Protein chains: 2
Amino acid sequence: MGQGQLTAVPEPKYWHLRTVLVRTIDSEFSTGQVLPNERELAARFGVARATLRQALDQLELEGRLVRRRGIGTLIAAPRVGVPVNGREASWPGSARSQAWRIVDCVTSPASAQLARALGVAEGAPVHTLRRLRLVQGVTMATESLHVPAAALPHLAEFAAESDRARAMLRQLERLGIDGESRSVELGVAEADSAALLERPPGTPVLVVTTQYAASGRLAALAVSTYRADTCKLTFGETGLVEVTPVQSDVPVRSAS
Amino acid sequence: MGQGQLTAVPEPKYWHLRTVLVRTIDSEFSTGQVLPNERELAARFGVARATLRQALDQLELEGRLVRRRGIGTLIAAPRVGVPVNGREASWPGSARSQAWRIVDCVTSPASAQLARALGVAEGAPVHTLRRLRLVQGVTMATESLHVPAAALPHLAEFAAESDRARAMLRQLERLGIDGESRSVELGVAEADSAALLERPPGTPVLVVTTQYAASGRLAALAVSTYRADTCKLTFGETGLVEVTPVQSDVPVRSAS
DNA sequence: CAGTGGTCTAGACCACCGG
DNA sequence: CGGTGGTCTAGACCACTGT
């Protein structure tokens, strides 16, 4: 791993440092390897530790690095493609996909915000199912699935939470979902989703909001929080080929 | 705007600070207003400026704040929903959507990376059309649209770049697109996309990679880079209702 | 010009992990 | 225990904005 020396340029040190590190990582390191520790890297490049950390922050945001307290900074594995499709893999009601683990299932009056989004009166009872999405055993996302209680009349009979959760999914499936409408935006994990995702609060996440329609009306609302560091959300009909990451810029990065 | 005082807690100061600021912003400020400057805020909360900035960084990542050098820190407008659909609004070939501005259009040999993604030989000529996506006059995204030259045989005749660009889109449309397959992931803007987006390098972006298929084969590849601060990507058939942001966590934020 | 956010420093202490 | 990343400080200077 070269020395560095950072020739004086009009761009910020941390950004130049990032560029140098990207090249180094791509050419001299592979997934799972640990980088030298921050104090040593900072010394090696002749910058303060805070400046080095600013560069590492960028690389972590890009999903190239993972930092673990007490362990070190490692080269991250490529992001996992997670299908965010309708019927096929991720529709809430389809029981065959094992990739979901139920956390809890409660019924509570809708907040103003939630009521507006669901198109019900504020305070109207809403079932909320919280669950995790697992990919190869790793938690990739948390999801809160909100359904107006009025839409699922026969749910009160189930006392046990896990029974109620399963019944909720089954009844939703039977409702017959006509369509879905989604949005994706950047967010940060709040305390509880952070805990479920096994990440510190403030971790960047991709927030997917899905509206499910049944017979032309909004039947359910799902808010999913995906780990932005490890997930690449995939949409669309039938994935043609594996998508290899491509730099968006025309000048091509030097081959590794 | 209250004093603060930050009761001692086991959570990091900057995170607690973020929470306090969120409440303050939601209740006492509205879009476009400027916050007190960083030095004053830091003093008011009794923390170092760097710590305050760490909290502001979070809020900026969430799209709640915009910081402008020389101006101040302002409350951001809600994110704009940007449709990322096929035929309707964003298909490259549909000329009626005025929301695109062509930047340039070049033909160059495919890099190894690009060749793999397009399924052509390395070094095979590829047309690359770069353009901007505008929403209400503001640049929201840059896009690089890659098409193997072999797929569009009658393009070499057009000398002028703008003619070639338009011809490329027209011919693509005529090709007849069967399907699309997309992925969305978090990234940071490199130097040139950052410049096009009028943001500093390192700005968080949502990278949308779209594979376009024609008669079962991959016909084109688009890499779009959306500003994560101001964009909410929307997918899906027919948006039912306006999606109001909903906190993913069950304990509801205090109403504003 | 004065005021703003952006960068950078040198140091300190803490929380967590492994042996 | 020693080593790692995570947090925090107090200060400095720079780059940009408006008047």
Side-chain angles (χ1 to χ4, degrees), chain A residues 4 6 8-19 21 32-61 64-76 188-189 194-195 198-204 229, chain B residues 4 6 8-19 21 32-61 64-76 188-189 194-195 198-204 229:
Chain A
L6 303 189
V9 278
E11 69 187 353
K13 273 189 190 176
Y14 79 89
W15 184 255
H16 184 222
L17 201 48
R18 186 203 84 105
T19 309
L21 286 170
Q33 279 192 303
V34 306
L35 257 57
N37 72 59
E38 297 183 348
R39 289 163 181 88
E40 184 183 330
L41 278 179
R44 202 182 292 192
F45 288 108
V47 299
R49 192 178 153 218
T51 305
L52 173 79
R53 279 182 60 79
Q54 215 175 336
L56 295 183
D57 286 344
Q58 293 276 344
L59 295 173
E60 196 175 24
L61 203 63
R64 293 172 171 278
L65 296 180
V66 184
R67 292 191 275 186
R68 293 208 213 137
R69 188 193 315 228
I71 305 289
T73 302
L74 351 169
I75 311 298
V188 304
E198 297 159 344
R199 299 253 70 201
T203 303
D229 56 346
Chain B
L6 303 189
V9 278
E11 71 187 352
K13 273 190 190 178
Y14 79 89
W15 184 255
H16 185 221
L17 203 46
R18 185 202 85 106
T19 308
L21 286 170
Q33 281 192 302
V34 305
L35 256 56
N37 72 58
E38 297 184 346
R39 289 163 180 88
E40 183 183 330
L41 277 179
R44 201 182 292 194
F45 288 108
V47 299
R49 192 177 153 217
T51 304
L52 173 80
R53 279 181 61 80
Q54 216 174 336
L56 294 182
D57 285 344
Q58 291 278 342
L59 295 172
E60 197 174 24
L61 203 64
R64 294 173 170 276
L65 296 179
V66 185
R67 290 191 277 187
R68 293 209 214 135
R69 190 193 316 229
I71 305 287
T73 303
L74 351 171
I75 311 298
V188 304
E198 296 159 343
R199 298 254 70 202
T203 302
D229 56 346

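Fair warning: this is a prediction, and the values are worked out from it, not measured in the lab. Chain letters run A, B, ... following the sequence lines, proteins first, then strands; residues in each count from 1. Hydrogens, waters and symmetry mates play no part in the numbers below; they use all other heavy atoms, side chains included.
- Side-chain atoms of B:Leu21 and B:Gln58, non-hydrogen and from C-beta on, never get closer than 4.5 Å to each other.
- Atom CD of B:Gln54 and atom P of D:dC8 are 6 Å apart (whole Å).
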Using atom names, set out every protein N or O paired with an N or O of nucleotides 13-16 of chain C below 3.5 Å, distance rounded to 0.1 Å.
from: C:dA15; atom 1: O4'; to: A:Arg69; atom 2: NH1; distance (Å): 3.0

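- One atom, CZ of B:Arg53, and another, C1' of D:dA10, lie 15 Å apart when rounded to the nearest Å.
- With sequence neighbours left out, the side chain to side chain contact (heavy atoms under 4.5 Å, CB included) criterion links A:Arg68 to A:Val66, A:Ile71, A:Leu74.
- Atom C1' of nucleotide C:dG6 and atom CG of B:Leu56 are separated by 13 Å, given to the nearest angstrom.
- At C:dT4, none of the side-chain N or O atoms of B:Arg67 fall inside 4.0 Å of OP1 or OP2 (strictly under the cut-off).
- In this structure, B:Asn37 does not reach the C:dG3 phosphate: none of its side-chain N or O atoms is under 4.0 Å from OP1 or OP2.
- For the salt bridge (charged side-chain N to carboxylate O under 4.0 Å, His left out) test, residues two or more places apart in sequence or in another chain that qualify with B:Arg49 are B:Glu38.
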Worksheet item: Between B:Ile75 and B:Leu65, is a side-chain contact (heavy atoms from CB on, under 4.5 Å) present by the stated rule, with each step listed?
Response: CA-CA 5 Å; B:Ile75 311 298; B:Leu65 296 179; 3.9 Å; yes

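- Distance, A:Glu38 CD to C:dG11 C1': 15 Å, rounded to whole Å.
- Judged as a salt bridge (charged side-chain N to carboxylate O under 4.0 Å, His left out), and not counting sequence neighbours, the contacts of A:Asp229 are A:Arg199, A:Arg227.
- A:His16 places its NE2 atom 22 Å from the P atom of C:dG6, with the value rounded to the nearest Å.
- The side chain of A:Lys13 lies closest to C:dC8, out of C:dC8, D:dG5, C:dG6.
- Rounded to whole angstrom, the span from the CG atom of A:Asp57 across to the P atom of D:dG5 amounts to 13 Å.
- B:Thr51 meets the side chain to side chain contact (heavy atoms under 4.5 Å, CB included) test with B:Lys13, B:Tyr14, B:Val47, B:Ala48; sequence neighbours excluded.
- Side-chain N/O atoms of B:Thr51 include one lying less than 4.0 angstrom from OP1 or OP2 on D:dT9.
- Qualifying side chain to side chain donor-acceptor pair (under 3.5 Å) partners for B:Glu40, counting only residues two or more places apart in sequence or in other chains: B:Arg44.
- Looking at heavy-atom distances under 4.0 Å, A:Arg68 makes contact with sugar-phosphate atoms alone, never a base.
- Put simply, CG on A:Leu65 is 13 Å from C1' on D:dG5, counting in whole angstrom units.
- Between the CG atom of A:Leu74 and the P atom of D:dG5 there is a distance of 9 Å, rounded to whole Å.
- Between B:Tyr14 and the phosphate of D:dC8, there is no side-chain N or O to OP1/OP2 separation shorter than 4.0 Å.
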